[in-house]
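Step one of this worksheet: look at the structure below.
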Amino acid sequence: MKVPDLNPAGYREAVLIQNRLRKKLILQTSFDKNNVNIIAGCDNSIIKEKNLMLAGVILFKFNEAKELVIIEKTFSKGKINFPYIPGLLSFREIPTLLSAFKKLKNKPDLIFADGQGYAHPRRMGLASHLGIILNTPTIGVAKSRYIGVFKEPGKRKGSVTDLVDKDEIIGKVFRNRANVKPVFISPGHLVGMNDIINLVKMVSGKFRIPVPTRIAHIETGKFRMELLNNVKKK
DNA sequence: GCGACAG
DNA sequence: ATCTTGTCGC
């Protein structure tokens, strides 16, 4: 993945890349969830003092009780070579994510990424960008709003409202657990706006964050602790 | 010009 | 994202 330099020219280049990718973005797909066998969740972590970006990918399958079971985990680390700029998050986090995805033995049918997908100023958030690069369906699961306006969803688990930007529905605000802050779901690549909530409900679990990204976050945190402990031993 | 701003 | 103690509530 091309990561532009951090200067005004690089910034413009990153925006151009996103605008070009947007033309490749495919949303209007009726997604057949019966073809979903392997599900992935991914997340990043940072060791600031070492300038390290970490990434983890967790693969799941459904057992007979329709529960998610972990079948594979991969992790990766790499130098941080792009700052945090709202709108350009993918250039910071995707390179390390890709090296973790390359280590997988199995190929996921659907990826849940921690961040926005279509709910982005250029409709090209982390989840969309990742899906296009991997040519795999993705869904963005963000813990907070980036852009858009919405009505507060009902307090019950499963309540949904639209996330709207300039009169366009760009995602959904979804309460994954009763009386807890909602999450912000938006299509990534190869998944339509009408399918994302049903797909998230398949992996909702018991907590605020749906299972794939929640477990990916926890496991990547463990990976981070292991790295810090190894440094300590030396 | 001012405020907002995924991780 | 990371840093970071106690504390309120189911």
Side-chain angles (χ1 to χ4, degrees), chain A residues 1 3 6 11 14-15 17-18 21-22 25 41-57 75-98 100 111-132 138-150 155-157 163-166 170-189 196 200 206-210 212-214 216-229 231:
Chain A
M1 179 201 187
V3 178
L6 167 60
Y11 185 92
V15 170
I17 289 173
Q18 290 188 332
L21 286 174
R22 183 185 172 178
L25 187 66
C42 58
D43 195 18
N44 296 82
S45 182
I46 286 173
I47 302 177
K48 195 177 175 184
E49 56 272 26
K50 297 287 286 180
N51 196 41
L52 275 181
M53 173 66 70
L54 314 181
V57 181
F75 302 95
S76 186
K77 61 176 188 287
K79 242 187 68 181
I80 298 176
N81 45 26
F82 203 85
Y84 171 66
I85 301 171
L88 300 180
L89 181 62
S90 56
F91 295 97
R92 177 175 171 85
E93 300 202 334
I94 285 187
T96 320
L97 277 175
L98 286 181
I111 298 168
F112 291 86
D114 72 311
Q116 314 288 353
Y118 193 74
H120 177 279
R122 286 173 291 281
R123 307 295 184 253
M124 189 48 57
L126 170 67
S128 314
H129 198 152
L130 183 66
I132 289 174
T138 53
I139 293 177
V141 181
K143 296 178 288 298
S144 62
R145 185 201 72 104
Y146 178 19
I147 63 165
V149 296
F150 62 95
K155 291 299 181 188
R156 295 180 27 170
K157 175 183 175 75
L163 182 62
V164 177
D165 179 47
K166 301 171 187 169
I170 58 173
K172 303 285 180 179
V173 185
F174 180 66
R175 187 96 58 191
N176 197 45
R177 176 173 177 159
N179 303 309
V180 166
K181 279 178 53 175
V183 289
F184 297 77
I185 313 294
S186 58
H189 188 45
I196 54 174
V200 169
K206 303 171 67 174
F207 304 102
R208 180 169 93 99
I209 310 298
T213 48
R214 173 184 154 81
H217 182 75
I218 293 170
E219 292 293 328
T220 307
K222 289 181 188 173
F223 176 64
R224 180 178 191 272
M225 286 306 297
E226 288 169 15
L227 287 183
L228 291 174
N229 287 332
V231 170

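Computed from a prediction, not measured in an experiment: that's the story for all the values here. Below, chains carry the letters A, B, ... as their sequence lines are ordered, and counting in each starts from 1. The basis for the numbers below is simple: all heavy atoms, side chains too, and nothing from hydrogens, waters or symmetry mates.
Exactly one residue among A/Arg122, A/Arg123, A/Arg145 makes a salt bridge (charged side-chain N to carboxylate O under 4.0 Å, His left out) with A/Asp165. That residue is A/Arg123.
The heavy-atom pair separating A/Arg92 from A/Tyr84 by the smallest distance is NH1-N, 3.4 Å. For the residue pair A/Ala127 and A/Thr138, the shortest heavy atom distance occurs at O-OG1, 2.8 Å. The minimum heavy-atom distance between A/Ser90 and A/Met1, with the atom names listed, is O-CE, 3.7 Å. Shortest non-hydrogen contact noted between A/Ser186 and A/Gly171 is CB-CA, 4.1 Å. Across all their heavy atoms, A/Ala100 and A/Ala55 have their closest contact at CB-O, 4.2 Å.
Between A/His217 and A/Asp114, every side-chain heavy-atom pair lies at or beyond the 4.5 Å cut-off. Contact annotation: the side chain of A/Thr220 never approaches that of A/Asn44 to less than 4.5 Å [non-hydrogen atoms, C-beta and beyond]. Residues A/Asp43 and A/Thr213 fail the side-chain proximity criterion, which asks for heavy atoms closer than 4.5 Å. At least one side-chain heavy atom of A/His120 sits under 4.5 Å from a side-chain heavy atom of A/Gln18. With a 4.5 Å cut-off on side-chain heavy atoms, A/Leu130 and A/Cys42 count as touching. Counting only heavy atoms from C-beta outward, the side chains of A/Leu88 and A/Tyr11 approach each other to under 4.5 Å. Counting heavy atoms from C-beta on, the side chains of A/Lys77 and A/Leu54 come closer than 4.5 Å. Using a 4.5 Å cut-off on side-chain heavy atoms (C-beta onward), A/Arg175 and A/Arg156 make no contact.
Distances shorter than 4.0 Å separate some side-chain N or O of A/Arg224 from OP1 or OP2 on C/dT2. Between A/Ser144 and B/dG7 there is a side-chain N or O to OP1 or OP2 distance below 4.0 Å. For the pair A/Lys143 and B/dG7, the criterion of a side-chain N or O lying under 4.0 Å from OP1 or OP2 is met.
A/His217 comes within contact range of the sugar-phosphate backbone alone, with a heavy-atom separation under 4.0 Å but no base atom that close. Residue contacts for A/Gly87: at a heavy-atom cut-off of 4.0 Å it reaches a base atom on one of the strands shown.
The side chain of A/Asp43 sits closest to B/dG7 out of B/dA6, C/dT2, B/dG7.
Look at CD1 on A/Ile218: it is 16 Å from C1' on C/dA1, rounded to the nearest Å. Summarising the geometry, the separation between CD1 on A/Ile47 and C1' on C/dC3 is reported as 14 Å, rounded to the nearest angstrom. Rounded to whole Å, atom P of B/dA6 lies 21 Å from atom CD1 of A/Ile139. The CZ atom of A/Arg92 sits 11 Å away from the C1' atom of C/dT2 (whole-angstrom rounding). Distance, A/Phe91 CZ to B/dG7 C1': 15 Å, rounded to whole Å. Atom CG of A/Leu97 and atom P of C/dA1 are 13 Å apart (whole Å). Regarding A/Tyr84, its OH atom lies at a distance of 5 Å from the C1' atom of B/dG7, rounded to whole Å. Atom CD1 in A/Ile46 sits roughly 10 Å away from atom P in C/dC3 (whole-Å rounding).
More than 12 non-hydrogen atoms from other residues, nucleotides or ligands lie less than 6.0 angstrom from NZ of A/Lys157.
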Its dot-bracket string being built from Watson-Crick and G-U pairs below 3.5 Å, with | for another strand and [ ] for crossing, DNA chain C has the pattern ..........
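Taken together, the pairs of DNA chain B form no segment extending over three or more consecutive Watson-Crick or G-U pairs closer than 3.5 Å at both contacts.
Within residues 175-185 of chain A, no residue approaches DNA chain B, by heavy-atom distance under 4.0 Å.
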Can you name the atoms? Protein N/O to nucleotides 8-10 of chain C N/O, anything below 3.5 Å, with the distance.
none

Pairs under 3.5 Å (N/O, protein and nucleotides 1-4 of chain B):
none

Original post:
Would A/Ile80 and A/Thr96 satisfy side chain to side chain contact (heavy atoms under 4.5 Å, CB included), going step by step from the backbone distance to the final call?
Top reply: CA-CA 9 Å; A/Ile80 298 176; A/Thr96 320; over 6 Å; no
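Annotation: ring pair (Phe, Tyr, Trp, His ring centres under 6.0 Å) contacts of A/Phe91 (sequence neighbours excluded): A/Phe82, A/His129.
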